[in-house]
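Data block below; observations after.
The sequence lines fix the lettering, A, B, ..., with proteins before strands; numbering per chain opens at 1.
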Number of protein chains: 2
Amino acid sequence: MDPKQQRLKYRKNQQSNTTSGLCDNYLQANLITLPKDYAFEFLLFCQRNPQACPIVDVLEEGKTQPAIADADIRTDLPKYRIYRNGKFIKEVLDVVEEWREDFVTFLIGCSFTFEKALIDDGIKLLHQDQNRVVPMFNTNIPCKKAGRFQGNMVVSMRALLKEEIDRAVNITSQFVTSHGGPIHIGNPEQIGIKDIFKPDYGESINFNEGERVPVFWPCGVTPQNICLSAKPEVMISHAPGHMLITDKLEG
Amino acid sequence: MDPKQQRLKYRKNQQSNTTSGLCDNYLQANLITLPKDYAFEFLLFCQRNPQACPIVDVLEEGKTQPAIADADIRTDLPKYRIYRNGKFIKEVLDVVEEWREDFVTFLIGCSFTFEKALIDDGIKLLHQDQNRVVPMFNTNIPCKKAGRFQGNMVVSMRALLKEEIDRAVNITSQFVTSHGGPIHIGNPEQIGIKDIFKPDYGESINFNEGERVPVFWPCGVTPQNICLSAKPEVMISHAPGHMLITDKLEG
């Protein structure tokens with residue numbers, strides 16, 4: 001399916017499914033929309049924390065069409081979430097009613113991109129095999145503060161065979177707009193994770209700890225969490241797993 | 001001389017000389033201070049035009065101490081310029097009186113850094129030999145617009161021997177926070193420069209056009225020009241050639 005066709009289905013509310021696995025080879029992006037009052041500090045936060053918050057596009061005040069997709073970001077994602085003062089309010093199929101002329105939108109890279117490259121290289125991803133959302137964890141790794149935006153990094157975990165780790169590092173490091181290489185390999189305790197089978201987001205996966213090593217990547221939940229903790233009067237994001245599919249080829 | 005000692009001389013107004021050639025090996029930076037109202041759009045402009053505007057540090061609202069120097073940016077540069085509504089008002093030795101709590105400061109890389117590397121590699125820089133300020137030119141190369149910030153790139157020119165060009169590209173490309181590699185080699189007309197001996201900024205240098213090729217690098221005058229054309233109510237910059245000497249080693 002062509003990205004434009006898929007986005008039109010979302011625009012017309014004919015579909016509202018997860019974008020995971022759709023339009024292979026096209027970059028998908030996390031969406032965060034904030035009032036302009038927060039835009040400088042959040043852009044600076046992303047600039048200071050490029051691994052957790054790789055910017056792929058920014059839409060200035062009131063703009064609804066990104067440079068990397070022939071899309072209207074108010075309608076062309078499958079599902080959105082609205083937050084007020086840091087609290088989740090509701091999930092909606094478009095944000096036309098909520099739209100304000102002072103909204104600034106940030107599109108941030110997502111790890112769907114590098115997962116395909118790992119699989120293409122013959123690396124098995126257990127969460128996909130076990131049909132689960134990738135497990136994600138809060139850590140004790142501090143992000144660099146910018147204005148009102150501060151907090152710790154959220155990571156996603158993939159349990160790899162020892163002999164796969166070097167290749168996985170080499171492959172994912174190439175994807176600078178999709179979080180790049182791992183931030184930690186091997187010792188969950190060291191980055192503040194108490195139980196590797198109890199993720200804070202996503203779902204737990206089963207693996208043999210003698211056989212596989214947990215590898216952690218910076219995760220796109222980080223900017224969402226950081227934004228919410230700044231308690232902006234209003235914030236819009238994609239619903240988890242329901243990304244913007246762009247017209248940009250990956251890699 | 002240690003950067004801290006040199007900066008203290010400026011702070012006490014014991015010196016107000018150009019920083020060119022001082023504190024070898026330490027990164028020097030262009031300074032641009034703007035009211036917060038412009039900060040998001042200007043940061044986005046820099047992010048979209050990293051070659052012309054390589055950000056080395058950003059000081060949030062009201063902050064006076066950068067991360068990359070144990071300095072007070074209101075006093076520790078040799079000389080400043082104040083602009084109002086895009087017009088030059090005056091040159092001053094410090095900006096303590098002018099300081100406002102809503103000021104955001106951008107530190108941007110400068111080509112002093114890579115010039116030293118070129119010389120260390122045996123490449124002769126004519127403007128230094130002829131004791132002149134490097135010639136700079138307006139071009140027809142458009143920068144990527146961001147909000148109120150838009151305009152063409154300003155470039156600096158160094159006339160090199162043919163056999164030096166490859167090495168100069170390889171060396172300067174490494175300096176990503178100092179404008180990186182050349183933006184154009186060889187044909188001034190193609191980038192909108194009519195007379196290579198009549199620069200728009202800096203001074204003309206003499207060279208034999210049969211023997212040497214003009215090579216052009218993105219220049220730190222670009223962000224200053226772009227800022228002025230947005231006509232902010234107030235803007236502060238370093239005086240040309242009178243940079244912030246940071247505590248960060250170059251390269």
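Counting non-hydrogen atoms of other residues, nucleotides and ligands closer than 6.0 Å to NZ of A/Lys144 gives a total of 12 or fewer.
Of the two parts of A/Lys145, only the backbone, made up of N, CA, C and O, holds a non-hydrogen atom closer than 4.5 Å to a non-hydrogen atom of chain B.
Partners of B/Asp200 under the side-chain contact (heavy atoms from CB on, under 4.5 Å) rule, at least two apart in sequence or in another chain, are B/Phe137, B/Asn138.
Identified by a heavy-atom distance below 4.5 Å to chain B, the contributing residues of residues 30-48 of chain A are A/Lys36, A/Asp37, A/Ala39, A/Phe40, A/Glu41, A/Leu43, A/Leu44, A/Gln47, A/Arg48, in residue-number order. Of residues 77-106 of chain B, those residues with a non-hydrogen atom less than 4.5 Å from any non-hydrogen atom of chain A are, in numerical order, B/Val104, B/Phe106. Residues of residues 59-70 of chain A that come closer than 4.5 Å to chain B, counting heavy atoms only, are A/Glu60, A/Glu61, ordered by residue number.
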